[in-house]
Novice: 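Let me give you the structure first, and then I'll get to my questions.
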Amino acid sequence: MVWMNVHPARVFEDLVISEDRHLVSDLESRAGGSAPTDVEYRIRRADTGALRWIARKGSIQRDESGKPVSFAGVARDVTDQRAARDALARSEERFKTIVETIEAAFAVVEVKFDADDRPIDYRFLEANPAFERQSGVDLRGKWVTEYAPDLEQFWFDTYGHVAKSGEPATFESYAEAFKRWFDVRAVRVGDPADRQIAIFFSDSTPRKDAERRLVELKDTLEQEVQARTTELNRLWQTSPDLLLLIDFEGYFRRVNPAWTSMLGYEPDELIGHHVNEFVLTDDHSETVDAYTLAAEGGMPRIVNRYRHKDGSVRWISWVAAQGEDVTYATGRDVTAERQQAAELAQAHEQLRQAQKMEAVGQLTGGIAHDFNNMLTGVIGSLDLIQRHIKTGRMETVDRYVDAANTSAQRAAALTARLLAFGRRQSLDLKPIDVNGLVSGMEDLLRRTLGEQVALETHFATNLWAGHTDAHQLESALLNLCINARDAMPDGGKLTVETANTHLDERYAREHTDVSPGDYVVICVSDTGIGMAPSTVEKVFEPFFTTKPVGQGTGLGLSMIYGFARQAGGHVRIYSELGQGTTIKLYVPRFEGEVEVAAGEGRQAPDGDGETVLLVEDDPSVRMIVLEVLEELGYVSIEASDGRAAIPILQSDRKIDLLISDVGLPGLNGRQIAEIAREHRPELRVLFITGYAQNAAVRGGFLDRGMEMMTKPFAVDALATKIRQMLQGRN
Ligand code: ADP
Ligand code: MG
């Protein structure tokens, strides 16, 4: 649109936006002749308010003197051209940014041909920064031969062909001049006559290097494999151990030469055969388990026995591992080790046997010695009694009777101990008030411990009743205190505690000789010398003692152990050298109602014609018992065995009590009692026994109205028992 200068210039100039006002000429600048003649500025149209770009070209006319007289100009709306120009500039800017920043190298080159139209050089018209980075040089505007005069002809030919034919090329090649590999794509650009091409490329040297190294590595790997194979072959050939490939069904696939040297078989006698053809029958199933386990991916380790071709036996220790479809196994000949181990075990066994014999010898010697002493006491006294009676010196007889009695008591005590650790004693299991039992012994214990050892007792309140033999428990406690005293030669403190405790399943599993359940525990602790672990291990063995000859019997703890076990209890030792010892005695809890023991009862009048049948095969025991019966005023009938006793029992004679030995020729005491009870169901029976194997625990042996006494017994005790039994009936 063109405005003719028919309006005053001011009307138009007022439309120019304020930012551009300074670009426009005004009256003053025109009059002064300094008005700009070629400007572009923006106006806001009066009608639509739109912003438009205006280009104005003008000229100043002057008179002869050079004074400006008028200003003539043309103004054109150039808004559209301006927009197109800006778009182009932006697009160029965008491409430039891309080309400048992409990682791929990019260049535009012009290829030069010689007179025969052969490509001989090329020049870089454009190159982006990546190009410079990858080629390592700035070649913009340069001919490539300036930089690389010896460039391979290949590059000229390739680029020449693209420039001439317009066929793009994609290739990878090495350029010695750049010492690099390039991955290239070349395409023709622009007018074909210009012979210009664009090339995109990237440096592929690192990838090529990696490829080369991989190839080298593969080569060395092959060499390596070759070398290893040779080594393995040598091992296979020379190994002294059996090497074996065996299939999952147990058939030999490959064997090494060691098979021939160790077991005498040639490879063809083995391959294809089943392993168990060579293994001793007893080891077959274990062998099958082993190769089956290997087939399932396990790593079996077994020792089995192979038969050498000459018939002898070899112990082979195997390890195996699964392969693809076969198991690899290595076997070592351990025959010699096995033999040595067996010999060693035998030697140990012999040694143990010898030690045992020695112990038994010591025991026998010891007991014989003790018994001889006691017998001397008895026999000597009897001898003297006889002589004194003969010579009428009756007043001294009593003294010798006492001496004989003491010796005999000691002998009885010794046998009791022997029986205890043989667990052959007969126990009288009853509900026991353990606190009462211990406090009842306090005096005795204090006297035993002497002045140097302080005794402390802690009694649990609400202590359960124990179920045990009171007598044996007392003797065990006394023994523990004596041991503690011996362990505190310079004095110390002994603590006796009682407690309720529960031993659970786990404790029972960990200690083989315990059943789970409730126990009353008596805990005896001293502050003495303690024991080394190796000693603790042995203290329960009969005759184990660390005390000098004549002082220790080594029977104390073994007795306690035997008693505890037989009574369903348990003993534990905790000891540390120099720190002292704690021994815990577990007494099974009595399950049931505890009867309050009845008072002693009135003293019984002696027998008034009641009749007692005595069955006893030992004449001297018989004599003593008859003596007692007579003294007590009972009528007695005697029989030496069942054969003599049965007719009497089946007769109608009045019999109030049967006293019978348990171990008798023919019918035993228990059987006699049974037969007697058929006829006389209310008959009371008192058994007297040396030791009753099947009467170890009275409860199981004795029926209602039956009681038992253990030999040897004091005459007084027998009298009391008989009296009680006959009174109880009334
Ligand atoms: P003895 O007392 O006749 O030696 P025991 O069977 O009673 O036999 O004890 C065996 C051994 O156990 C003792 O010789 C002693 O070495 C050790 N021993 C027992 N009790 C204790 C204790 N409280 N402290 C240290 N050692 C003990
Ligand atoms: Mg002892």
Side-chain angles (χ1 to χ4, degrees), residues 355-356 358-371 373 410 413-425 438 441 444-446 448-450 452-458 471-498 513 521-567 569-586:
Q355 281 171 337
K356 216 153 76 181
E358 194 184 292
V360 171
Q362 256 174 15
L363 164 70
T364 326
I367 293 175
H369 178 255
D370 285 355
F371 265 113
N373 282 343
R410 280 176 52 218
L414 181 60
T415 36
R417 282 201 283 187
L418 291 171
L419 286 174
F421 82 73
R423 297 188 212 164
R424 294 284 177 77
Q425 61 194 335
V438 177
M441 285 181 74
L444 173 66
L445 297 183
R446 273 212 174 82
T448 311
L449 291 169
Q452 282 188 307
V453 177
L455 173 69
E456 232 179 68
T457 48
H458 299 288
H471 242 52
Q472 294 296 330
L473 185 60
E474 280 172 358
S475 116
L477 199 54
L478 186 62
N479 259 302
L480 290 180
C481 291
I482 292 170
N483 279 349
R485 179 200 63 197
D486 292 348
M488 300 185 282
D490 302 323
K493 191 170 84 179
L494 182 84
T495 312
V496 182
E497 288 169 84
T498 59
D513 52 353
V521 54
I522 305 171
C523 188
V524 181
S525 309
D526 65 54
T527 55
I529 53 173
M531 289 176 255
S534 58
T535 308
V536 173
E537 257 174 42
K538 283 180 265 178
V539 290
F540 288 135
E541 284 173 20
F543 313 114
F544 174 83
T545 178
T546 56
K547 295 169 191 172
V549 181
Q551 284 185 30
T553 59
L555 291 178
L557 288 175
S558 61
M559 242 179 72
I560 292 172
Y561 182 80
F563 153 63
R565 295 280 294 129
Q566 197 185 341
H570 167 59
V571 201
R572 281 276 158 251
I573 299 192
Y574 308 86
S575 189
E576 221 167 286
L577 259 190
Q579 301 295 313
T581 303
T582 294
I583 300 192
K584 289 186 171 183
L585 256 178
Y586 292 83

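Position 1 is the first residue of the sequence, and the numbers go up from there. Every number for a ligand or one of its atoms is a count from 1 in the order of the listing.
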Novice: Looking only at atom types and distance, does a side-chain atom of Ser575 sit under 3.5 Å from a main-chain N or O of Gly580, one as donor and one as acceptor?
Specialist: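 Yes, Ser575 side chain to Gly580 backbone: donor-acceptor pair under 3.5 Å.
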Novice: N/O of Met531 under 3.5 Å from N/O of ligand 1, yes or no?
Specialist: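 So ligand 1 has no N or O lying under 3.5 Å from an N or O of Met531.
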Novice: Could you check which of Thr527, Leu557, Val539, Ile529 puts a non-hydrogen atom nearest to atom 19 (C) of ligand 1?
Specialist: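 Considering heavy atoms of Thr527, Leu557, Val539, Ile529, the nearest to atom 19 (C) of ligand 1 sits in Leu557.
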Novice: Does ligand 1 have a heavy atom under 4.0 Å from the side chain of Leu480, from its backbone, from both, or from neither?
Specialist: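 Neither; nothing of Leu480 gets under 4.0 Å from ligand 1.
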Novice: Counting heavy atoms only, name the option from Cys481, Ala487, Gly528 that's nearest to atom 24 (N) of ligand 1.
Specialist: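 Shortest heavy-atom distance from atom 24 (N) of ligand 1: Ala487.
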Novice: Using only atom types and a distance under 3.5 Å, with no angle test, would you say the side chain of Arg485 pairs donor to acceptor with the backbone of Thr448?
Specialist: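 Side chain of Arg485 to backbone of Thr448, a donor-acceptor pair under 3.5 Å: yes, one is there.
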Novice: Consider every N or O of Asn483 and every N or O of ligand 1, then say whether any pair is closer than 3.5 Å.
Specialist: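 Checking ligand 1 against Asn483, an N or O pair does fall under 3.5 Å apart.
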Novice: Judging by distance only, is a nitrogen or oxygen of Thr546 under 3.5 angstrom from one on ligand 1?
Specialist: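 Yes - when backbone and side-chain N and O of Thr546 are compared with those of ligand 1, one distance drops under 3.5 Å.
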Novice: Tell me if a side-chain donor or acceptor on Thr527 pairs with a main-chain N or O of Lys493 at a distance below 3.5 Å.
Specialist: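 Pair found, side chain donor or acceptor close to backbone of Lys493.
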Novice: Provide the closest heavy-atom pair for Phe563 versus Leu473 in the form atom of the first, atom of the second, distance.
Specialist: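 Heavy atoms only, the tightest pair is CZ-N, 3.8 Å.
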Novice: When you look at CD of Glu541, are more than 12 heavy atoms from neighbouring residues, nucleotides or ligands closer to it than 6.0 Å?
Specialist: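 Yes, because the 6.0 Å sphere around CD of Glu541 holds more than 12 heavy atoms from other groups.
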Novice: Regarding ligand 1, does Lys547 bring an N or O atom to under 3.5 Å of one of the ligand's N or O atoms?
Specialist: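 There is such a contact, yes.
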Novice: Please classify the Thr545 to ligand 1 contact at 4.0 Å (heavy-atom distances, strictly less than): side chain, backbone, both or neither.
Specialist: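 For Thr545, the contact with ligand 1 is made by both the backbone and the side chain.
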Novice: Apply side-chain contact (heavy atoms from CB on, under 4.5 Å) to Gln452 and Met488, showing your working.
Specialist: CA-CA 9 Å; Gln452 282 188 307; Met488 300 185 282; over 6 Å; no
